[in-house]
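Structure first, commentary second.
Computation of the quantities below employed the complete heavy-atom set of this structure, encompassing side-chain atoms and omitting hydrogens, waters and symmetry-equivalent molecules. Whatever order the structure lists them in is the order used to number ligands and atoms, beginning at 1.
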Amino acid sequence: MTVGIVGLGYVGLPLAIAFAEAGTPAIGVDVDFERVKALRAGRSHIEDIPDSQLAEQAERLTFDTNYGALRDADAVLICVPTPLTPQREPDLGPLLAATADLAGVLTKGQLVVLESTTYPGTTRERLLPMLEGSGLKLGDDFNLAFSPERVDPGSESYTIQNTPKIVGGLTEACGDRAEALYRTICEEVVRVSSPETAEMAKLLENIFRSVNIALVNELSILAHRMDIDVWEVIGAAATKPFGFMRFEPGPGMGGHCLPVDPFYLSWRAREYDMTAEFIELAGKVNQAQPYFCEQRVIEALNDAGKSVNGSRIAILGVAYKPGVGDMRESPALKLIELLRRHGADISYHDPFVPELPEMGLSSADLDGAVDAADLVVIVTAHPGIDHSDVARRAALTLDLRGVTRGLDAPNVHRL
Ligand SMILES: NC(=O)c1ccc[n+]([C@@H]2O[C@H](COP(=O)([O-])OP(=O)(O)OC[C@H]3O[C@@H](n4cnc5c(N)ncnc54)[C@H](O)[C@@H]3O)[C@@H](O)[C@H]2O)c1
């Protein structure tokens, strides 16, 4: 068996490696020529995949920009981006382009699986007609299923292998084939009755997180007004062994998933005369959080007799989450933009993000940035940095991640 993977990003590349490690040759196709060139030269762009892991599987991996390479695959998994338009509506552009190209090379006997997150109905209503446009027929000539990716970049506990994989086929046979495929790399495969169920299940997972993060973000604003330590509140509530799940406030929501995916469902809901209130409200609260953090910066500097204008502010961690260099939708960008509007002199340190070209900044040396700053703002707490030590040394610290809990000092402010 050989698998083809379309889109070699955070989802596609680890998937290609997982199949290769299980002994199945993988053909990766991506429209990004530079990315393909680097992968062919053995260079990975994903933190979770070191070059050495790529090298170990070199014999079973091929990378191409040409869809023709997929003709040799028994199964083709689509892992391209599903972003929002500037008007915050689903942008299926990359997915439809990939499907059109795949339809051009679709081969009798192939299984196609969509992994990209999308609204319920996409696989059946959008992919199927395009693939059948090739002249091949579902069931007779090819199979089609949806199986959402659940990768957690940067996580050491959960891998493709030990994270259960949901599979929904267009027909029973489609589901059977997709299930058999994923059983070669995943310990547990969860079969559902349709691709729509699988599509919605993925959205539910992300909406669940978005709503709960919004809840604690809102609570952080209230707790601050009431002069209650929100971290202590959450820590106390989390001692309940049932019926509570810990979520933490922060500078806002980032990444490709949580700020984007929920709106795929609220968009679709409108077709059914529904306003998905929880989704919209959570989005609104989470989008407002960088503005609350801006206020907290103003307050912290004010307490020290300073204004934002002309203050040197060092941002620690600009990626959207710890342990990765992913900048997509990172709230750090919004915060930097807001503080610059007030005339702040911004520097940053992030071991995973050497450059921020859109801000004209490069990652500064940690000690130098901390020592020179009027205020250090901990935006993302990357591993390997002693944040309590930073807070002890810095003139003033605002901790937006609660990593200096236990450090009670007048020059340390926490969200
Ligand atoms: N990143 C995550 O943590 C994560 C987790 C679960 C699900 N997802 C979902 O998986 C999908 C992919 O996300 P990602 O983070 O891997 O994106 P990514 O941007 O890291 O990678 C996508 C890749 O697809 C390529 N691409 C774009 N258009 C293409 C086309 N027409 N043909 C071939 N290649 C094309 C891009 O060049 C890029 O290399 C999205 O739907 C996302 O919502 C992502």
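Proximity to Ser116 (heavy-atom distance under 4.0 Å) selects the following atoms of ligand 1: 11 (C), 41 (O). Residue contact check: Arg35 has heavy atoms under 4.0 Å from atoms 38 (C), 39 (O) of ligand 1. Atom numbering of ligand 1 starts at 1 in the shown order; those under 4.0 Å from a heavy atom of Val6 are 32 (N), 33 (C). Near Lys202, with a cut-off below 4.0 Å to any heavy atom, the atoms of ligand 1 are 6 (C), 7 (C). Listed by number with element, the atoms of ligand 1 under 4.0 Å from a non-hydrogen atom of Pro94 are 28 (N), 31 (N).
For Cys257, every heavy-atom contact with ligand 1 shorter than 4.0 Å involves the side chain, none the backbone.
In this comparison of Asp32, Asp30, Asn206, the heavy atom closest to atom 36 (C) of ligand 1 sits on Asp30. Scanning Val80, Leu258, Thr82 for the heavy atom closest to atom 11 (C) of ligand 1 points to Val80. Nearest to atom 40 (C) of ligand 1 by heavy-atom distance, out of His256, Glu149, Glu205, is His256.
Between Ile385 and Pro351, the closest side-chain pair of non-hydrogen atoms falls below 4.5 Å. Proximity of His349 to Asp365: side-chain heavy atoms (C-beta onward) are nowhere separated by under 4.5 Å.
Remark: Arg328 CZ is packed, more than 12 non-hydrogen atoms of other residues, nucleotides or ligands lying under 6.0 Å away. Surrounding CD of Glu218 are at most 12 heavy atoms belonging to other residues, nucleotides or ligands under 6.0 Å away. Within 6.0 Å of CE in Met1 there are more than 12 heavy atoms belonging to other residues, nucleotides or ligands. Heavy atoms from other residues, nucleotides or ligands lying under 6.0 Å from NZ of Lys137 number more than 12.
Residue Glu115 places no N or O, backbone or side chain, under 3.5 Å from any N or O of ligand 1. On a distance-only criterion, Tyr10 and ligand 1 share at least one N/O pair closer than 3.5 Å.
Counting protein heavy atoms only, atom 21 (O) of ligand 1 is closest to Gly9 CA, 3.1 Å. For atom 9 (C) of ligand 1, the closest heavy atom belonging to the protein is Thr117 OG1, 3.5 Å. When hydrogens are left out, the protein atom nearest atom 28 (N) of ligand 1 is Val31 CG2, 3.8 Å; that is the closest non-hydrogen contact. Nearest non-hydrogen protein atom to atom 24 (O) of ligand 1 is Gly7 CA, 3.3 Å. For atom 18 (P) of ligand 1, the closest non-hydrogen atom on the protein side is Arg328 NH1, 3.6 Å. Looking from atom 33 (C) of ligand 1 to the surrounding protein, the closest heavy atom is Tyr67 OH, 3.3 Å. Summary of contacts: the protein heavy atom closest to atom 27 (C) of ligand 1 is Pro81 CD, 3.5 Å. Nearest protein neighbour of atom 44 (C) of ligand 1, counting heavy atoms only, is Val11 CG2, 3.3 Å.
Partners of Arg43 by salt bridge (Lys or Arg N to Asp or Glu O under 4.0 Å), not counting sequence neighbours: none found.
Ring centroid separation for the pair His256 and Tyr10 does not come in under the 6.0 Å cut-off. Ring-centre distance between Phe208 and Phe247: below the 6.0 Å cut-off.
Without hydrogens or angle criteria, Arg340 side chain to Met359 main chain gives a donor-acceptor distance under 3.5 Å.
No side-chain donor from either of Glu115 and Ser147 sits under 3.5 Å from a side-chain acceptor of the other. Using modelled atom types, one finds a donor on one side chain and an acceptor on the other under 3.5 Å when comparing Thr404 with Arg414.
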